[in-house]
Structures are given as structure tokens and as C-alpha cells.
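A short worksheet on the structure shown next.
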Amino acid sequence: MNSPALRLLLVAVLASLLLIPGQATLPVTDRDEARFVQASRQMLQSGDFIDIRFHDDTRYKKPVGIYWAQSAAAALSGQGAEAPLWVFRLPSLMGIVAAAVLTAWLGSALVGAGPAAFAGLLVAASIVPGVEARLATTDAALLAATLLMQSVLARLWMGVPLRWRAWIFWLGMAAAILLKGPIGPMVVALTAATASLIRRDTAWLRPLLRLWPVLLAVAVTLPWFIAITIISDGAFWGASVGQDMLAKAASAQEGKGAPPGSYVLAMWATFWPGAVLVALTLPAVWAARRRPEIQFLAAWALPGWLVFEAFPTKLVHYTMPMLPALALAACGLWMSPAPVRRWAQAVGTLLLLIGPALLLAFQIWSRRQGADPSNFLLIPVAVTGGIAFVALWQERRVAFLAALIAMGGSVTSGLVLSLAATPSLWPSALALTEARRVSPCKTPRLIGWGYREPSLVWLGGRETLLLDGDAPLPDRLDRCDVVIRSDGGSAPLPFDLHETATLEGYAIGAGRQVRLHVYIARNSDEHMVQTVTD
């Protein structure tokens with residue numbers, strides 16, 4: 001395909017096909033996604049697009065960019081605050097699709113148009129980007145904004161002309177800042193600094209130093225930061241910088257710590273099947289280390305990766321901005337004429353089994369939980385896996401890449417659909433179903449008593465109450481109230497509450513098993529609930 005525009009359009013279409021399955025069926029996930037989508041819904045309900053609130057509390061850990069994007073998606077759908085969850089996920093879907101296209105566009109200046117197109121699709125087909133495309137959080141959109149900036153740097157590095165380069169770069173910078181503060185700019189700054197050290201020259205960056213594009217970026221970002229500083233009386237900075245970013249850099253937060261090197265070990269699963277190609281091409285990458293395109297990709301991937309390895313708090317998506325660099329280096333060198341070593345083929349064959357093994361293991365576990373996940377995607381996984389195996393050993397490189405991408409998309413879709421089909425993983429959804437079954441009201445009010453997962457607020461609406469397990473219930477309960485209590489609370493149980501069900505599940509956000517008890521008033525006409533006293 002000789003037309004660059006048609007090639008990028010094809011990448012967008014194929015990436016969309018890889019990423020759409022599961023968008024509408026996966027329940028809201030705790031805890032970040034539920035907080036993001038509920039805060040975006042409350043923006044639409046209140047008409048306040050400056051302040052960020054989840055339920056009755058402020059939410060100042062991240063800037064406003066993703067809330068604006070999600071609110072815009074819901075508004076453009078015509079359903080507004082009542083839009084279903086998949087609408088709020090559209091910015092993430094579009095973020096990974098855009099990341100695939102930008103990887104292809106960026107890489108065409110580094111490794112050639114064909115390998116770059118495969119690299120973009122490989123990013124979309126890999127597990128972590130594929131999952132992030134289905135979650136209404138910041139990271140998919142941040143990846144796209146970061147790649148917009150990296151696209152300009154890559155062309156400057158290779159001496160490829162690009163119109164409007166400074167404008168593109170600084171608009172990407174503004175978007176990244178509004179999405180997640182300094183994270184995107186940090187990755188780009190590390191790339192630019194490392195590449196300049198390699199070349200021992202900073203002159204290649206001078207075309208970015210243009211006053212009007214910089215002023216445009218300031219004009220896009222500064223007004224909201226000024227407004228939120230005034231509205232919050234400075235609390236935004238304490239929460240976003242002190243409690244979120246610096247706290248994660250200083251110590252492991254929310255039990256999500258791991259030692260340095262964890263991302264490298266986890267990459268073989270989280271970046272699967274892209275990691276398969278990385279393993280196959282590692283010797284070629286080392287041999288090509290002095291080539292300018294490999295030097296740029298190394299300057300992009302290594303410093304940022306090392307910074308995140310040093311962070312005590314580790315989440316699997318933190319290294320996602322570096323994955324396109326790995327994909328481009330691997331695809332570019334895989335399509336070169338250098339022969340593949342037999343030991344690398346053997347290692348690649350073993351790594352090919354990781355994705356199907358993960359999917360099969362999860363489906364076996366899911367069935368033991370009483371779920372019935374579909375086996376349909378096991379068929380394309382097996383077929384594409386077989387094609388990839390044969391193509392690898394016969395060194396049919398294009399066929400191997402195509403099969404690898406199709407296999408990755410099938411495995412990720414299978415994992416997401418299997419997750420969605422496992423009720424025990426969604427205790428809030430189980431509780432809502434039970435509440436609707438037993439309540440005399442069409443829209444019961446949910447009261448989480450010791451069960452304070454944000455998903456309960458998204459499912460039940462802003463009227464949902466979240467109470468500590470040791471706190472007493474309100475003195476007056478309405479006939480529409482349904483109490484959802486978790487084990488472990490010490491507050492006395494009102495004597496005229498009737499337990500309708502006991503539900504067991506795994507709270508993903510809390511990382512623990514939960515047992516929930518669902519209660520309603522014994523007499524639906526009785527509005528007063530008396531508490532047992534000594």
C-alpha cells in the first residue's frame with residue numbers, strides 16, 4: 001500500500017477490530033475506573049467542568065483532561081450523564097487506536113512504513129494496551145499524547161521534514177499535562193536528554209523552541225490550573241503532587257509495591273505478544289546499537305523504564321509509554337534480512353505459549369467459580385498460534401507478524417470477555433442485581449455498610465451511601481433503601497432488617513475476597529429502623 005494516509009487508516013481500522021470486543025460487556029472496575037467515570041458523570045450532572053468530585057468528596061489526584069474527554073463522549077452520544085459505561089470508555093479506545101496510528105506514523109521515519117505499521121498493530125494487540133483500551137482511565141489517552149510528542153522528536157532526530165512540528169509537539173505537551181501532569185513530559189524529556197547525550201549536541205531540538213506554540217500550550221493548560229487552585233484553595237496541589245505523585249515515588253502505595261526489575265520480569269506477560277518479538281530480535285538490536293534509529297528508540301525506552309523500575313509503587317501500565325519503542329525496534333529488525341538464530345526461535349516458541357496458557361488457566365479458574373466463559377476465542381488463538389509457529393520456523397516474517405498480532409488480539413479479547421463472564425469478580429454488580437430483585441422500588445438506594453467500593457456509587461448513582469463498617473446506619477431508612485454489609489463491621493445490626501442474600505466475590509480494587517450481606521426492612525411500609533440497645 002503506497003499511500004501513507006490509506007496505510008494509517010488501515011492501521012486504525014484493524015486496531016479498532018482488535019480492541020472493540022469487551023467494551024460494552026466488561027463491568028465497571030474498581031477502583032480507579034469507577035472513580036473516573038462517576039466524577040465525569042457528576043460533571044455533566046452539575047455543569048461544573050472545573051472542580052472534580054467523586055460522590056461527595058473532591059478528587060484532585062489527576063488533572064481534568066480525562067474528565068473532559070469522557071464528559072464530551074457522553075454529551076456527544078446524546079445521552080449525557082445517563083450514557084452507558086462503554087461511552088465513557090471511548091476516549092481510552094480512541095487513545096490506543098491513536099497510539100497504534102501514531103506508532104506507525106512515527107516509525108515510518110525510523111524503521112520504514114511497513115515495519116512501523118506492524119509495530120502499531122503489535123502495540124494494540126498486546127495485553128496491557130489492550131486492557132487499557134477497555135478501561136475509562138487516563139493511561140490510554142496519555143499514551144497517545146506522549147506519542148504525538150515523540151513523533152516530532154523522531155523526525156527531528158532523523159532529519160525528516162515535518163510541517164507544523166513545533167505546534168504538534170506543544171499541543172501534545174498540553175494534552176499530556178492536562179491528562180496526567182508531568183508523566184508524559186517526563187518521558188519525552190528523558191528521551192530528548194538521552195538522545196542529546198548520545199549525539200553530544202542539542203541543536204536538533206532547536207526547531208521546537210518557538211514562542212507562539214509554547215504560548216498556545218500555556219494558554220490551553222494554565223487557565224484550568226489557575227481556576228482549580230482558586231476553587232480548591234490550593235488543595236489540588238497537595239492532593240495531586242503530595243498525596244499522589246510524590247507519595248508513590250517515596251513508598252509503595254495501596255499494597256502495590258515491588259522491587260526493581262519487576263517490570264522486566266512482568267513484561268513477558270504484560271507486553272505479550274510484543275515481548276515474543278522483542279526476545280527474537282534482542283541479538284539484532286545489540287548488533288544494530290549504533291544505528292541512529294536504534295539509538296533514538298533506546299533513548300526513548302531505557303531511561304523512562306529505569307525511572308519506573310526505581311519507583312516503589314508499581315502498576316503494570318506505568319511502562320506503557322515505552323512499549324511502542326520496543327515494538328518499533330523489534331519490528332524494524334525482524335523485517336531486516338539478518339537470519340534468526342535457532343536458540344532465539346526456540347525461546348520465541350516457548351514465549352508464544354504464554355498468552356494461550358494465561359487464557360486457558362483463567363478460563364479453568366473461572367469455571368471453578370461457577371462461571372461459563374465462552375470457548376469461542378480459543379479457536380482463533382489455536383489457529384493463529386499454529387500459523388505463527390510454522391511461520392517462525394520457516395522464517396516467513398510477514399506471516400509471523402500477522403499471525404502474532406491476530407493471536408494477541410484474540411488472547412486479550414478472550415481474557416477480557418472471560419473476566420466479564422465471571423460474576424464472582426464483580427460483587428458490586430451482584431449486589432445491585434439482588435437489590436433490584438428484593439426492593440419494592442424501581443431504583444433502590446444502595447447503602448454500602450463497610451463495603452465502600454467506588455463501583456457501588458457508579459452502579460447505584462450519587463444517592464448511594466458509603467459508610468464505615470463501624471458507623472451506625474442512618475436513623476431513618478426509606479423503603480427503597482437496600483443495605484449491603486461486608487463482614488467485619490462492629491456496629492450493631494438493627495433488629496428489623498431482613499437479610500435477603502449472602503454474596504461472595506473478589507473485590508479487584510481491594511485485592512481481597514469479600515462476603516456481602518444484603519438487607520431490607522422486614523416491613524416495606526415501616527420507615528423507621530430501631531437499633532438494638534442493651
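Here, residue 1 is the first one in the sequence, and each next residue gets the next number. Keep in mind the model is a prediction, meaning the values are calculated, not measured.
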Does atom CE of M94 have more than 12 heavy-atom neighbours, drawn from other residues, nucleotides or ligands, at distances under 6.0 Å?
->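 No, the 6.0 Å shell around CE holds no more than 12 heavy atoms from other groups.
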
Thinking salt bridges, do D57 and R59 make one under a 4.0 Å N-O criterion?
->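 Salt bridge flag = no for R59 with D57.
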
Cationic N near anionic O, under 4.0 Å, D139 to K180 |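 A salt bridge is present here (some side-chain N lies under 4.0 Å from a carboxylate O).
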
I'd like to know if the side chain of [X] reaches the main chain of [Y], judged simply by a donor and an acceptor atom lying under 3.5 Å from each other, with no hydrogens or angles considered.
X: T194; Y: T191; result: no
X: E309; Y: G261; result: yes
X: Q150; Y: V188; result: no
X: S413; Y: S410; result: no
X: W334; Y: L280; result: no
X: Y67; Y: D51; result: no

Establish, from distance only, whether the side-chain atoms of [X] and [Y] form a donor-acceptor pair under 3.5 Å.
X: S126; Y: W272; value: no
X: T29; Y: R134; value: no
X: Q42; Y: S46; value: no

